Amino acid sequence: MSTAQIGVVLLTLTLLPVAEAQSLPDNPLAPCPDTPNCERVAKGYEAPPDTLYGAAERALESLGPVTLRQPSGSASRRLEAVYRVALVFKDDVDVIVRAREHGGSALYVRSASRVGHSDLGVNRRRVDRFLEAVGAALRKETSPE
């Protein structure tokens with residue numbers, strides 16, 4: 001592969017995530033601290049916001065939280081979950097779904113440990129499993145029966 005071809009591949013791989021991120025509204029969740037025990041992501045979907053919110057709620061439930069709630073007094077599509085790690089530690093997961101300007105919706109997720117510096121990748125794996133479960137819930141909802 002020539003240097004020019006490698007450059008095109010790298011440019012393409014770089015532009016795809018940037019284009020996706022630019023099409024999403026600003027992330028409303030708090031930024032992660034400068035510690036490796038937090039994961040914050042945003043992902044766009046073609047599904048309408050209410051459909052994505054339902055899929056996100058089912059996905060969070062499937063991961064076995066200690067608590068799962070919609071903040072009281074909140075008409076927004078927001079969920080808060082708490083997961084227990086090693087019977088001692090607790091991690092907080094916040095999810096928000098918002099409509100995108102040109103159709104579809106955006107899913108924002110933040111998973112963070114309450115204490116400690118490193119979580120050995122627990123929050124990253126939780127977010128990955130959550131996004132997989134959201135995708136599965138959306139496929140199940142849209143598949144013909």
Side-chain angles (χ1 to χ4, degrees), residues 6-145:
I6 292 172
V8 169
V9 169
L10 290 175
L11 181 63
T12 302
L13 291 174
T14 303
L15 289 179
L16 289 176
V18 171
E20 173 65 19
Q22 289 175 347
S23 70
L24 298 176
D26 290 335
N27 194 326
L29 296 172
C32 285
D34 288 334
T35 57
N37 64 355
C38 180
E39 190 69 28
R40 179 178 176 245
V41 299
K43 186 172 180 183
Y45 291 86
E46 295 301 319
D50 288 336
T51 301
L52 181 57
Y53 180 79
E57 187 171 27
R58 288 189 299 282
L60 281 175
E61 288 173 352
S62 75
L63 298 177
V66 174
T67 62
L68 174 61
R69 68 183 191 91
Q70 180 178 12
S72 61
S74 173
S76 66
R77 297 175 193 95
R78 183 175 187 135
L79 295 164
E80 296 174 347
V82 176
Y83 292 87
R84 189 174 300 276
V85 180
L87 301 174
V88 177
F89 304 105
K90 291 183 179 178
D91 292 350
D92 296 304
V93 177
D94 294 311
V95 173
I96 295 176
V97 173
R98 292 209 172 146
R100 292 189 341 189
E101 188 175 324
H102 300 290
S105 48
L107 175 66
Y108 302 96
V109 184
R110 183 180 188 275
S111 182
S113 301
R114 289 185 181 179
V115 297
H117 178 77
S118 177
D119 66 353
L120 303 174
V122 169
N123 285 295
R124 173 74 245 169
R125 289 189 300 275
R126 180 181 296 114
V127 169
D128 289 344
R129 285 192 315 269
F130 170 69
L131 293 175
E132 289 172 14
V134 167
L138 287 173
R139 284 188 298 278
K140 185 175 181 180
E141 186 162 318
T142 59
S143 68
E145 294 187 36

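Throughout, residue positions are numbered sequentially from 1 according to the sequence presented. Computed from a predicted structure; not experimentally measured. Both backbone and side-chain heavy atoms feed into the values below; hydrogens, waters and symmetry mates do not.
Between the side chain of S105 and the backbone N or O of A47, at least one donor-acceptor pair lies under 3.5 Å. Side-chain atoms of E46 never come within 3.5 Å of backbone atoms of G103 as a donor-acceptor pair (strictly under, hydrogens ignored).
Annotation: the span from R69 atom CZ to E80 atom CD amounts to 4.0 Å, rounded to 0.5 Å. To the nearest 0.5 Å, atoms SG (C38) and CG (N123) are separated by 6.5 Å.
Summarising the geometry of A56 relative to L79, their closest heavy-atom pair is C-CD1, 4.2 Å, with the distance given to 0.1 Å. Contact between G44 and R100 at its shortest, heavy atoms only, is CA-NH1, 3.1 Å. N27 and A42 make their closest contact through ND2-CB, 4.2 Å (heavy atoms, listed as atom of the first residue, atom of the second, distance).
You'll find the side chain of S113 stays beyond 4.5 Å of the side chain of F89, heavy atoms only. Using a 4.5 Å heavy-atom threshold, the side chains of V82 and P65 count as separate.
Of the candidates L29, V95, V97, L29 is the only one forming a side-chain contact (heavy atoms from CB on, under 4.5 Å) with R78.
Here E61 pairs with E57, L68 under the side-chain contact (heavy atoms from CB on, under 4.5 Å) rule; sequence neighbours left out. Residues meeting the side chain to side chain donor-acceptor pair (under 3.5 Å) test with T35, sequence neighbours left out: N37. By the side chain to side chain donor-acceptor pair (under 3.5 Å) test, R58 is found to be paired with E141, residues two or more places apart in sequence or in another chain being considered. Remark: P36 pairs with H117, S118 by the side-chain contact (heavy atoms from CB on, under 4.5 Å) rule, at least two apart or across chains. Taking R84 as the reference, nothing meets the salt bridge (charged side-chain N to carboxylate O under 4.0 Å, His left out) condition, with sequence neighbours excluded.
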Please tabulate, for the side chains in residues 127-135, all donor-acceptor contacts under 3.5 angstrom to protein atoms that are two or more places apart in sequence or on a different chain.
| unit_1 | atom_1 | unit_2 | atom_2 | d |
| --- | --- | --- | --- | --- |
| D128 | OD1 | R124 | NE | 3.1 |
| D128 | OD1 | R124 | NH2 | 2.2 |
| D128 | OD2 | R124 | NE | 3.4 |

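Pairs passing the salt bridge (charged side-chain N to carboxylate O under 4.0 Å, His left out) check and including a residue from residues 88-97, sequence neighbours excluded, read D91-R126, D92-R114.
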